[in-house]
Amino acid sequence: MSTLVVWLLAMGVGVSTLLASRSLMHYFQLESYQFPGYFRTVKRNCLRAITPGLIMTVYLMLLLLIHRSVDRTLTEDSLLRLPIALVTVVLALLGGNWCRSLLLVKAAKKPFVVTMRVKRTYVTCAIVFTLLCALMGFLLTGAEPRYYFIGLFPVLLPLWVALGGLCAWPIEKLVSEMYFRDAQKKLAARPDLIKIGITGSYGKTSVKFILGTVLQEKFQVLVTPSSFNTPMGVTRVIREKLMPAHQVFVAEMGARHVGDIKELCRLVHPRYGVLTSVGPQHLDTFHTLERIKSTKYELMDAIPDGGCCFFPDDQGICRELFDKTRKEKRLCSIHPGADDADVWAEDIRVSPSGSSFILHAMNDEIACQTRLLGEHNIQNILLAATVGLHLGMNLKQIARGISRIEPVEHRLQLLPSAGVTIIDDAFNANPKGAQAALRVLKAFEGRRIIITPGMVELGAGEEQFNHDFGVMMADCVDVAILVGKKHTAPIASGLREAGFPEDSLHIVSSLDEASALLRKLGRPGDVALFENDLPDNYSEA
């Protein structure tokens, strides 16, 4: 083969393989471009991960065999060699596109978004794949049987995607640091801006929106939207959304690894820190609760002199961290007898239509009403109220803000329905949140139904957490619909252990199937709780 033909075929195989890799790129994106998470996802979805490469291997081998058969009939200097190679390349690219379409029939819950980072990664992968295929072509030219090995390149597609991501990493690091520094400069130019960081194993998004609503009674507030809680997500909000009129910036700070909060504090430099909770979340990356605790406390370590740290009295780890803090600090509590609490609640009344309580602050008090469900949300509101009081708000302003709090989407959100009442708690279930959701469901009258795939990212203890979830569920629900036979096996075991009726337990393969079953079983007056919805990289369907 001539050098040009080798390069053309290498490009055809490399780029067509890249086109077929979109589902793997989606996994990479879902795992925030973290290699350990990507490889865990590939292992968990092994068949889906290797299928695109296998399909492309079969297709390319046939295509290269046909090309080679035609090429043999031509002389070395034939003018037809280049057009035939070009036709082979076009057919390879069409095959890669066809393979991608074939494997993306099912709509993703969190669609693949072709961001600038994805585009840069695609370009890098295209170059790397082409170079690898060209190397194979040049090394194997003249070795007749081995020439076709170039068609075997897609077999290791999951590995090639990781290699492409690794080669793109220095570029991404450079780009992200450039944007990061730009956001830092924008914040540094606003010394008047009140900067608040919020972190926790769970509850941070709810507290963020609650705090934003309460503070809006006095300030112009910018809150990071949705679950924008990574360095690049917060950087983007600062660069694109922060305006001179804003007086307060509230940044949610998420973490999956030790040091993540420290990195976000390096960006935001918060003056105030709010800790919502500490518990067994993301144990697959943290491995121990102690590492989670130290990572969450990175926020309090970053609070400067003159700032303040805010804690809930959870009678557990948060209380322990409050006690050890030597900086200015505030404590709120829903537990009676918390004498050292700065803000506390009494006469808490929780119902399916919302909650009411008396908010106390030092020697003053006020009655509050909220549409939020569950006692745990009262604790979230108290945290926001404590921050508001520290920033100079009065109780009337805070109570008015509390009355205007809207339920956060997919977090115990009560959805209107003419038949079955729906409680949407589909976002990122965790042990503590799942318990709170079950308590909310139990407070409703009528037949209670739960639809859940269980909890994930809980490390070695995940099976036990789901088993305990099933045991607790048995006392709170009348009908259980479990999504995914393998992952929900511990939940089913817990339900049976607690004596749950077998004819009220249903196991389905997908959320669509669960929804169809709910339509079949449900009747007016029923209440259905959707507890968690696993992302695509955990789906069994």
Side-chain angles (χ1 to χ4, degrees), residues 13-60 96-97 99-115 117-126 128-129 132-133 151-169 172 230 256-257 282-287 428 453-460 462-463 483-489 509-510 532-541:
V13 172
V15 177
S16 65
T17 301
L18 179 62
L19 289 173
S21 73
R22 184 166 176 173
S23 59
L24 291 165
M25 284 288 189
H26 191 194
Y27 287 157
F28 201 33
Q29 187 177 72
L30 288 171
E31 292 293 343
S32 301
Y33 307 100
Q34 299 290 324
F35 293 101
Y38 168 75
F39 283 115
R40 282 195 299 270
T41 296
V42 168
K43 182 179 179 181
R44 190 169 51 246
N45 300 276
C46 186
L47 184 59
R48 293 181 187 176
I50 66 174
T51 297
L54 292 177
I55 292 175
M56 279 308 299
T57 294
V58 173
Y59 177 80
L60 289 173
N97 196 55
C99 181
R100 180 192 66 181
S101 301
L102 177 69
L103 296 169
L104 290 176
V105 174
K106 182 184 174 183
K109 298 170 187 175
K110 187 175 181 180
F112 181 56
V113 182
V114 184
T115 61
R117 176 165 188 167
V118 169
K119 290 177 182 178
R120 290 190 294 268
T121 303
Y122 262 127
V123 171
T124 305
C125 286
V128 171
F129 290 6
L132 287 171
C133 290
L152 295 174
F153 177 78
V155 168
L156 298 178
L157 186 51
L159 185 60
W160 301 141
V161 169
L163 178 62
L166 182 63
C167 292
W169 184 84
E172 294 309 317
T230 64
R256 298 187 70 177
H257 304 85
H282 299 311
L283 277 171
D284 58 332
T285 53
F286 282 113
H287 303 300
N428 198 24
M455 297 172 284
V456 295
E457 298 183 343
L458 295 174
E462 184 172 292
E463 184 173 331
V483 183
K485 184 175 181 180
K486 293 180 182 177
H487 192 262
T488 62
S509 60
S510 68
N532 206 12
D533 182 16
L534 300 187
D536 300 277
N537 46 333
Y538 282 94
S539 177
E540 292 182 22

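- By the side-chain contact (heavy atoms from CB on, under 4.5 Å) test, Ala49 pairs with Leu24, Val42, Pro158, sequence neighbours left out.
- When all heavy atoms of Ser21 and Tyr122 are compared, the closest pair comes out as OG-CE2, 4.4 Å.
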Trace of the side chain to side chain contact (heavy atoms under 4.5 Å, CB included) decision for Arg40 with Tyr27: CA-CA 10 Å; Arg40 282 195 299 270; Tyr27 287 157; over 6 Å; no
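- Side chain of His487 to main chain of Gly454: no donor-acceptor pair is present (N/O by atom type, distance under 3.5 Å, no hydrogens or angles).
- Lys119 has its side chain out of reach of Val123: every pair of non-hydrogen atoms, C-beta onward, lies at least 4.5 Å apart.
- Residues forming a side-chain contact (heavy atoms from CB on, under 4.5 Å) with Leu163 (at least two apart in sequence, or on another chain): Val128, Leu132, Trp160, Cys167.
- Contact between Cys125 and Leu18 at its shortest, heavy atoms only, is CB-CD1, 3.5 Å.
- The CZ atom of Arg22 lies 9.5 Å from the CG atom of Asn97; values are rounded to the nearest 0.5 Å.
- Scored by the side-chain contact (heavy atoms from CB on, under 4.5 Å) test, Lys43 finds no partners at all (sequence neighbours excluded).
- In terms of modelled atom types and a separation under 3.5 Å, the side chain of Gln29 and the main chain of Val113 share a donor-acceptor contact.
- Shown are Leu152, Ile55, Val13; of these, the side chain to side chain contact (heavy atoms under 4.5 Å, CB included) with Leu60 is made only by Val13.
- The environment of CD in Glu463 is sparse: at most 12 heavy-atom neighbours from other residues, nucleotides or ligands sit within 6.0 Å.
- For Phe28, the side-chain contact (heavy atoms from CB on, under 4.5 Å) test picks out Tyr33, Phe35, Tyr38, with sequence neighbours left out.
- The shortest distance between side-chain heavy atoms of Ser23 and Pro52 falls below 4.5 Å.
- One finds the OG atom of Ser16 at 8.5 Å from the OH atom of Tyr59 (value rounded to the nearest 0.5 Å).
- Interatomic distance, CE of Met25 versus OG1 of Thr121, reported as 6.0 Å (0.5 Å rounding).
- In plain terms, the two heavy atoms of Gly96 and Met56 that are nearest each other are CA-SD, 3.7 Å.
- Scanning all heavy atoms of the two residues, the minimum distance from Pro453 to Thr488 falls at O-CG2, 3.5 Å.
- Side-chain contact between Thr115 and Val118: present, with at least one pair of heavy atoms (C-beta onward) separated by less than 4.5 Å.
- Using a 4.5 Å heavy-atom cutoff, the side chains of Arg256 and Glu31 are in contact.
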